[in-house]
Every structure is written in structure tokens, then in C-alpha cells.
Amino acid sequence: MSLTAKVASPLALVSLEECLEGRRSRRDFCREPLDEDVLYWLCWAGQGITDREGLRTAPSAGGIHPLELYVVAPSSVFHYDTRGDRLEVVMRGDRRPALCTAAFSQDIVGLSAATIVIAAVEGRMDPRYGARARRYELIEAGHVAQNMLLAATALGLCAAPVGALDDVAVRDVLELPEAYLPLYLVAAGRSTPSR
Ligand SMILES: Cc1cc2nc3c(=O)[nH]c(=O)nc-3n(C[C@H](O)[C@H](O)[C@H](O)COP(=O)(O)O)c2cc1C
């Protein structure tokens with residue numbers, strides 16, 4: 001998506017102050033699927049490229065960007081292709097039940113319409129930062145998650161971060177290579193309609 005197209009962003013309709021005030025970890029999801037463009041905007045908020053040098057919505061030590069985003073949705077698992085600024089299907093089928101198991105069977109993951117997995121690619125930062133790379137990956141996952149949580153608020157979604165997960169089990173669910181380590185999840189969905 002071009003920078004011009006971003007003018008029509010649904011994220012532009014709500015002030016930053018409203019998003020900061022309104023952000024809450026909410027778990028009262030319904031399973032109604034989220035449209036792909038909603039999932040796209042969440043990922044763009046987390047990792048979208050916002051300048052010609054390739055820098056992004058979230059800061060990264062040395063501008064290295066060690067993180068990748070995967071969206072586990074009912075029909076498919078998507079990867080956010082940052083350079084192409086699009087979601088690409090990497091697996092077909094509903095991996096949400098398996099992801100829920102890998103997150104210690106937390107309802108928040110089981111009941112979400114979609115959960116975004118933030119994974120670090122180990123090795124990207126190591127040449128420059130050595131052992132400190134692990135710390136930076138964790139800090140950066142927090143930046144990315146907060147961006148997505150604020151975007152979810154702007155989009156009127158329920159969302160919450162999830163840190164309790166079996167990293168290796170999540171990696172297996174997504175069939176990621178060994179160098180990829182899932183760090184943090186953001187579960188999202190529309191709120192349950194009030195009766
Ligand atoms: C690092 C971290 C890990 C978390 N892990 C989980 C989790 O595994 N499951 C969950 O339901 N909520 C999780 N949360 C959400 C917290 O429970 C929530 O942020 C806290 O209750 C404060 O509420 P608030 O986010 O609405 O301000 C996590 C939050 C953080 C920052």
C-alpha cells in the first residue's frame with residue numbers, strides 16, 4: 001500500500017489520546033472473523049515500513065528489525081511481508097486450536113478471532129549486539145505489541161497481549177525454522193454483542 005493510500009487509513013479516525021485512554025486488555029471476544037484488511041492494519045501498525053530507508057512504525061536497535069509477524073486466523077496463517085506491505089498466506093486451515101494449546105489453553109487465545117504472533121529471528125541482531133540481542137528482541141516485541149494494541153483500540157476491537165506461551169510449541173504450530181522464536185502474542189476480535 002502506498003504512503004498516499006494511508007490517508008484513507010481507518011487508524012486516522014481516532015486520536016492518539018483516545019487510543020491511549022481506551023486501550024484495555026479485553027477478552028470478551030466473539031469469534032466473528034476479522035476482515036483481512038483489519039488484520040493488515042494491525043500488522044502495519046506493528047511493523048509497517050514508514051520511510052524510504054525501510055524504517056518502521058516501531059523502533060529497532062540499529063534499525064535491524066529482528067521481528068516477524070504471523071496472523072493466526074480462521075482460514076489461514078498469514079505472514080506480514082513488510083517490504084511488500086501485505087499479508088501473505090503461509091498455511092491454510094485453522095491453527096487457532098493448536099495455538100491455544102501452545103499458549104497453555106488460555107481462553108483468550110482459544111476464543112479470539114485472530115492472534116498475532118511476534119517472533120524474533122535469532123541471528124539478525126547477534127553480529128552487532130552479541131548477547132544483548134536477546135534483550136533487544138524482547139524490548140522490541142513490547143514496542144510492536146503496544147502499537148498493535150493501540151491500533152486495535154482505534155479499530156474498535158477487543159485485544160490483549162499474551163506472554164504465557166510455550167515458545168517452541170508455538171513455533172511448531174507455525175512450522176517455523178529453529179531460528180525463529182515466538183516471544184509474544186496479541187489476541188484480537190470484535191466484542192461480544194451485548195444482549
Ligand atoms: C508481558 C505481559 C504478559 C501478559 N500475558 C498475558 C497472558 O498470558 N494472558 C492474558 O490473558 N493476559 C496477559 N497479559 C495482559 C495483562 O493481564 C494486562 O495487561 C493487565 O491485567 C493490565 O490490564 P490492562 O492491559 O487492561 O491495562 C499480559 C500483559 C503483559 C504486559
Side-chain angles (χ1 to χ4, degrees), residues 11 14-34 38-39 41-47 56-61 65-74 77 80 94-122 125 129 131-174 176 180-194:
L11 302 178
V14 187
S15 75
L16 176 60
E17 184 183 11
E18 284 174 272
C19 295
L20 289 166
E21 286 257 21
R23 186 213 61 79
R24 197 83 286 140
S25 292
R26 290 184 55 193
R27 301 167 180 83
D28 52 329
F29 307 123
C30 68
R31 302 257 300 167
E32 178 194 328
L34 296 173
V38 170
L39 300 174
W41 282 110
L42 292 175
C43 291
W44 177 85
Q47 281 285 267
R56 303 186 188 179
T57 50
S60 174
H65 297 289
L67 304 177
E68 297 290 335
L69 301 181
Y70 294 87
V71 183
V72 182
V77 176
Y80 178 57
D94 191 354
R95 304 299 289 155
R96 291 176 305 166
L99 184 66
C100 177
T101 304
F104 307 121
S105 301
Q106 292 187 74
D107 282 349
I108 184 174
V109 177
L111 299 176
S112 70
T115 295
I116 301 175
V117 177
I118 305 172
V121 184
E122 298 195 338
M125 281 200 150
Y129 294 113
R132 206 160 180 83
R134 297 290 85 74
R135 177 190 296 223
Y136 288 168
E137 288 160 1
L138 294 170
I139 292 170
E140 293 188 23
H143 290 305
V144 170
Q146 177 73 350
N147 280 7
M148 293 197 288
L149 293 167
L150 292 174
T153 308
L155 295 166
L157 305 177
C158 299
V162 174
L165 55 126
D166 177 333
D167 311 348
V168 173
V170 173
R171 177 165 65 201
D172 290 346
V173 169
L174 299 181
L176 297 175
Y180 285 58
L181 192 66
L183 301 176
Y184 206 20
L185 313 177
V186 172
R190 298 207 180 281
S191 62
T192 313
S194 49

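For ligands, and for the atoms within them, numbers begin at 1 and follow the listed sequence. The first residue of the sequence shown is numbered 1, and numbering continues consecutively from there.
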Open item on the list: Applying the side-chain contact (heavy atoms from CB on, under 4.5 Å) criterion to T115, which one of V186, I108, L99 satisfies it?
Closed with: L99

Open item on the list: Given a heavy-atom cut-off of 4.0 Å, could you list the residues near ligand 1 in chain and number order?
Closed with: R23, R24, S25, R27, Q106, I108, P161, V162, G163, A164, Y184

Open item on the list: Keeping T192 on the side-chain end and F29 on the backbone end, is there a donor-acceptor pair under 3.5 Å?
Closed with: yes

Open item on the list: Between L67 and L183, is the side chain to side chain contact (heavy atoms under 4.5 Å, CB included) condition met? List the steps.
Closed with: CA-CA 9 Å; L67 304 177; L183 301 176; 4.1 Å; yes

- [ ] Without swapping roles, check the side chain of S60 against the backbone of H65 for a donor-acceptor pair under 3.5 Å.
- [x] yes

TODO: State whether the side chain of Q47 and the backbone N or O of V144 hold a donor-acceptor pair below 3.5 Å, judged by distance alone.
DONE: no

- [ ] Starting from the C-alpha separation in whole Å, work towards a yes-or-no answer on side chain to side chain contact (heavy atoms under 4.5 Å, CB included) for L185 and L165.
- [x] CA-CA 8 Å; L185 313 177; L165 55 126; 3.9 Å; yes

